[in-house]
Amino acid sequence: MARALLGQVIVHQDGGVRRAARIVETEAYLGPRDAAAHTWQGRRTPRVEPMYMDGGHLYVFFVYGMHHCANIVTRGEGIGEAVLLRAAEGPPAAPARLLSGPGRLCAALGIESDMSGTDLVGHPRWRLLLRPGPHPPVGVTPRIGVDYAGEARDWPLRFFDRTSPAVSGPARMRG
DNA sequence: GTGTGGATTATCT
DNA sequence: GATAATCCACACC
């Protein structure tokens with residue numbers, strides 16, 4: 001799912017304002033068996049409860065006292081897997097870095113903790129457009145910022161569009 | 001109630 | 001590469 005979400009578009013319609021972002025970088029978090037996931041060992045706390053919801057729900061968390069990270073739940077109820085949205089492209093006129101990185105992506109789309117647990121499927125203001133057509137050339141690396149996660153630190157679960165200037169991270173992680 | 005540290009980013013060297 | 005900003009969730013008492 002993390003790979004399949006590359007190139008798909010998340011849209012927010014807020015009155016007359018419509019914001020759309022094409023997803024170009026994602027990371028998979030594989031539930032209880034994944035030491036980097038908040039659902040590691042089946043942990044259930046109020047914060048992570050949305051991650052156990054049905055696919056299509058949003059899981060948002062707050063980190064480092066100032067940033068939000070948005071995930072799309074990818075499996076059935078009770079499983080606890082999700083895909084972190086790490087970077088996206090806005091309109092051509094927008095700065096390349098506007099949605100580059102999970103914190104900036106949330107800031108640009110106005111995603112905050114109160115959206116955690118929201119069902120994107122059939123939502124009146126949010127839509128996830130699954131666009132047909134060829135997938136972009138995809139790069140694969142370990143995930144960013146999970147050095148604490150034991151062997152899961154090295155799992156190749158970060159996916160990105162090699163052609164996009166909006167991919168986040170150091171240069172060696174963008175080629 | 002207290003202590004620890006983070007799925008980040010900006011700004012320095 | 002190093003570090004600060006900044007606060008909440010979580011574990012543990």
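Order of the sequence lines fixes the chain letters, A, B, ..., with proteins taken first and strands second; residue numbering starts at 1 for each chain.
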task = Kindly assign one of parallel, tilted or perpendicular to the pair A:H68 and A:F62, based on the angle between their ring planes and the thresholds 30° and 60°.
result =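 If you compare the ring of A:H68 with that of A:F62, the planes turn out tilted.
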Which part of the nucleic acid, if any, lies within reach of [X] when heavy atoms closer than 4.0 Å are counted: base, sugar-phosphate only, or nothing?
{"X": "A:R43", "answer": "sugar-phosphate"}
{"X": "A:R143", "answer": "nothing"}
{"X": "A:R97", "answer": "sugar-phosphate"}
{"X": "A:F62", "answer": "sugar-phosphate"}

Within this structure, what is the [atom1]-to-[atom2] distance between [X] and [N], rounded to whole angstrom?
{"X": "A:Y29", "N": "B:dG6", "atom1": "OH", "atom2": "C1'", "answer": "12 Å"}
{"X": "A:M66", "N": "B:dT11", "atom1": "CE", "atom2": "P", "answer": "12 Å"}
{"X": "A:R104", "N": "B:dA7", "atom1": "CZ", "atom2": "C1'", "answer": "15 Å"}
{"X": "A:L98", "N": "B:dT8", "atom1": "CG", "atom2": "C1'", "answer": "16 Å"}
{"X": "A:H38", "N": "B:dT8", "atom1": "NE2", "atom2": "C1'", "answer": "12 Å"}

task = Return the nucleotide paired to B:dA7: Watson-Crick means purine N1 to pyrimidine N3 with N6-O4 or O6-N4, wobble means G-U with N1-O2 and O6-N3, both under 3.5 Å.
result =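 No nucleotide pairs with B:dA7.
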ask   = Using purine N1 to pyrimidine N3 plus N6-O4 or O6-N4 for Watson-Crick, or N1-O2 and O6-N3 for G-U wobble, each under 3.5 Å, what pairs with C:dA11?
value =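 Across all strands, the one nucleotide that pairs with C:dA11 is B:dT2.
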query = Mind checking which nucleotides bracket the chain A contacts on DNA chain C, 5' to 3', with an atom under 4.0 Å from a heavy atom?
reply =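 With heavy atoms of chain A under 4.0 Å away, the range is C:dA5 to C:dA11.
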